[in-house]
Asks: 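Let me begin by handing over the structure; questions about it come next.
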Amino acid sequence: MARIIVVTSGKGGVGKTTTSAAIAMGLAKKGHKTAVIDFDVGLRNLDLILGCERRVVYDFVNVINDEATLNQALIKDKRCKDLFILPASQTRDKDALTKEGVGKVLDELAKTFKYIVCDSPAGIERGANLAMYFADDAFVITNPEVSSVRDSDRMLGILASKSRRAENGDEPIKEYLLLSRYDPKRVKLGEMLSVEDVQDILSLHLLGVIPESPSVLNASNSGTPVILDEESNAGQAYKDIVARYLGEDVPHRFIDEEKKGLFGRLFRS
Amino acid sequence: MPSNSKPIPLNSPAFEFKSGIVTTPVLNLFSADINVITHQLNEKIKQAPDFFTNSSLLIDLQALLEQELDIPLLVDAIRNAGMFPIGIRGGTKEQQQAANTLMLPGISAHSSSTHKPHTTENQVSRLPPVAEDTEKAVTTNIETTVIAQPIRSGQRIYAKGDLVIIAQVSSGAEIMAEGNIHVYGTLRGRALAGIPDNANARIFCSDLQAELVSIAGNYRVSEDIIEPERNAPVQIYLSKQAIIIQNT
């Protein structure tokens, strides 16, 4: 049974596409056949982050409109045989997406893939709503600042009320919190919300903290998902996140500035 | 010259427009049969002629759900019964037009059960009526609505009776009840109890960080909620039109 994961946030620029690329690659590296779909029709980015922009022929909208088959549109990653990318159309807008069309594509993907990662656009409009509508799990990305937290909260409300699972009265979407661009130094100085603050506001299960890291920008520019950069903190954080999502018991890292404080913080509550 | 015959200067205002609120009987129609309406209306008026005769009357067609109804006949029947129709609410476009030709204005329709008019003197501290797209909480009876999920930013909950939330209410969320509101969690959003005019309603919460609290339209905003009531378990009630927040 395929599992549909939506990566969402409400606010823009918090790291949805970076995260989608990283966890899709992470799941594929663990040997799970994974597809990642760019729902940001009109503002296509995922192909750049994954470094396959030169191989885009057909896109998501072509498949929805039956102008291409799914196999024609899916791009196989060169680094990992289990990762496939379905890029967005750059020339269309979000109105090209229909609930029936998206449902049809997801159903077809579900036949062969274990995980389907939906990279949601920012906002709470059509693209974002369709990205989350069919989801089983939601990765809610939040930056440690109030506007991002509030937008995530709004998104959580929509996940709980407007998804297919909510409409059918099924078990609700499983929601996970990912805190990105976290800087323990600035938290200590009171310039940034802490993990506790964010969890207090959102009351959500924390899947992982991704530290602010220059390697994220480098990875984006070079078209290599940051999870492949095993030297970087951000890459390791995403690796932990994938492992935790798959049920492994991995202790949280990157929450505190120094390692010695880590365990105290972790086991305090 | 006696002062009362002094001519009024031409440039001094002879009148002013103000919005005022009057109470008037509303005739909620459930039947479109003029004969039945006429008969029952006359029967009713017979019971209390002093009350009804020469009284103004608002005709409300909302419950008829756009059934056909002869407006001139209805107006005649009401006038013959001794009352003065002053306007029409609800109904189809055609019915509204028919009323207009009889010099009866259309009054904007809203659900009278949730939006009763409020008095003008408190208007400064009153809230606009609840929007129609409110997500109504599912209630089987109008006693109490219990919700165990967090109420997220942007969500709106409306309860016909009491509302009990066993989770947090996020900032940007709005919870409303015609009765009391209980929040067993942090209240960061807006809480409006006693909608529209139940001054006896109260709000109870275990951690008050609300953006706004309101009872029967009287409200207090976050800026005016300070320590020691802030971040503390409290009850909120109305006393002489003033919001009282009390630590519990």
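In what follows, every heavy atom counts, from backbone to side chain, and hydrogens, waters and symmetry copies are set aside. Just so it is clear: chains get the letters A, B, ... in the order the sequence lines come, proteins before strands, and each one is counted from 1.
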Asks: Any residues in residues 203-211 of chain A near chain B, with a heavy-atom distance under 4.5 Å, and which are they?
Replies: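 The list, in residue order, reads A/Ser203, A/Leu204.
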Asks: For a quick test of your reading: what N or O donor-acceptor pairs under 3.5 Å do the side chains of residues 133-144 of chain A make, sequence neighbours left out?
Replies:
residue: A/Tyr133; atom: OH; partner: A/Glu167; partner atom: OE1; Å: 2.6
residue: A/Asp136; atom: OD1; partner: A/Arg165; partner atom: NE; Å: 3.1
residue: A/Asp136; atom: OD1; partner: A/Arg165; partner atom: NH2; Å: 2.8
residue: A/Asp136; atom: OD2; partner: A/Ile4; partner atom: N; Å: 2.8
residue: A/Asp137; atom: OD1; partner: A/Arg3; partner atom: NH2; Å: 3.0
residue: A/Asp137; atom: OD2; partner: A/Arg3; partner atom: NE; Å: 2.8
residue: A/Asp137; atom: OD2; partner: A/Tyr245; partner atom: OH; Å: 2.5
residue: A/Thr142; atom: OG1; partner: A/Ser152; partner atom: OG; Å: 2.8
residue: A/Asn143; atom: ND2; partner: A/Val14; partner atom: O; Å: 3.3
residue: A/Asn143; atom: ND2; partner: A/Ser180; partner atom: O; Å: 3.3
residue: A/Asn143; atom: ND2; partner: A/Ser180; partner atom: OG; Å: 2.8

Asks: Any chance CD of B/Gln149 has more than 12 other-residue heavy atoms, nucleotides or ligands included, within less than 6.0 Å?
Replies: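 Counting other residues, nucleotides and ligands, CD of B/Gln149 stays at 12 neighbours or fewer.
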Asks: So with a 6.0 Å cut-off around NZ of A/Lys239, is the heavy-atom count from everything else above 12?
Replies: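 No.
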Asks: Got more than 12 heavy atoms from elsewhere within 6.0 Å of CD, B/Glu227?
Replies: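 Count over threshold, so yes.
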Asks: For chain A, find its close neighbours in residues 164-174 of chain B: heavy-atom separation under 4.5 Å, sorted by number, or none.
Replies: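 The list, in residue order, reads B/Gln168, B/Ser170, B/Ser171.
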Asks: Output all residues satisfying salt bridge (Lys or Arg N to Asp or Glu O under 4.0 Å) with A/Asp38, sequence neighbours left out; order by chain, then residue number.
Replies: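 In terms of salt bridge (Lys or Arg N to Asp or Glu O under 4.0 Å), with neighbours along the sequence ignored, A/Asp38 is linked to no residue.
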Asks: Measuring from B/Arg152:CZ to A/Met155:CE, what's the distance to the nearest 0.5 Å?
Replies: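 Here the rounded value is 12.0 Å.
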Asks: Report, as yes or no, whether the 6.0 Å neighbourhood of atom NZ on A/Lys174 holds more than 12 heavy atoms from other residues, nucleotides or ligands.
Replies: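 Not buried by this count: 12 neighbours or fewer within 6.0 Å.
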Asks: Report the distance from atom CG of A/Leu156 to atom OG of B/Ser153, rounding to the nearest 0.5 Å.
Replies: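 With rounding to 0.5 Å, CG (A/Leu156) is 10.0 Å from OG (B/Ser153).
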Asks: Going by an N to O cut-off under 4.0 Å, is there a salt bridge joining B/Arg188 and A/Asp200?
Replies: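 A salt bridge is present here (some side-chain N lies under 4.0 Å from a carboxylate O).
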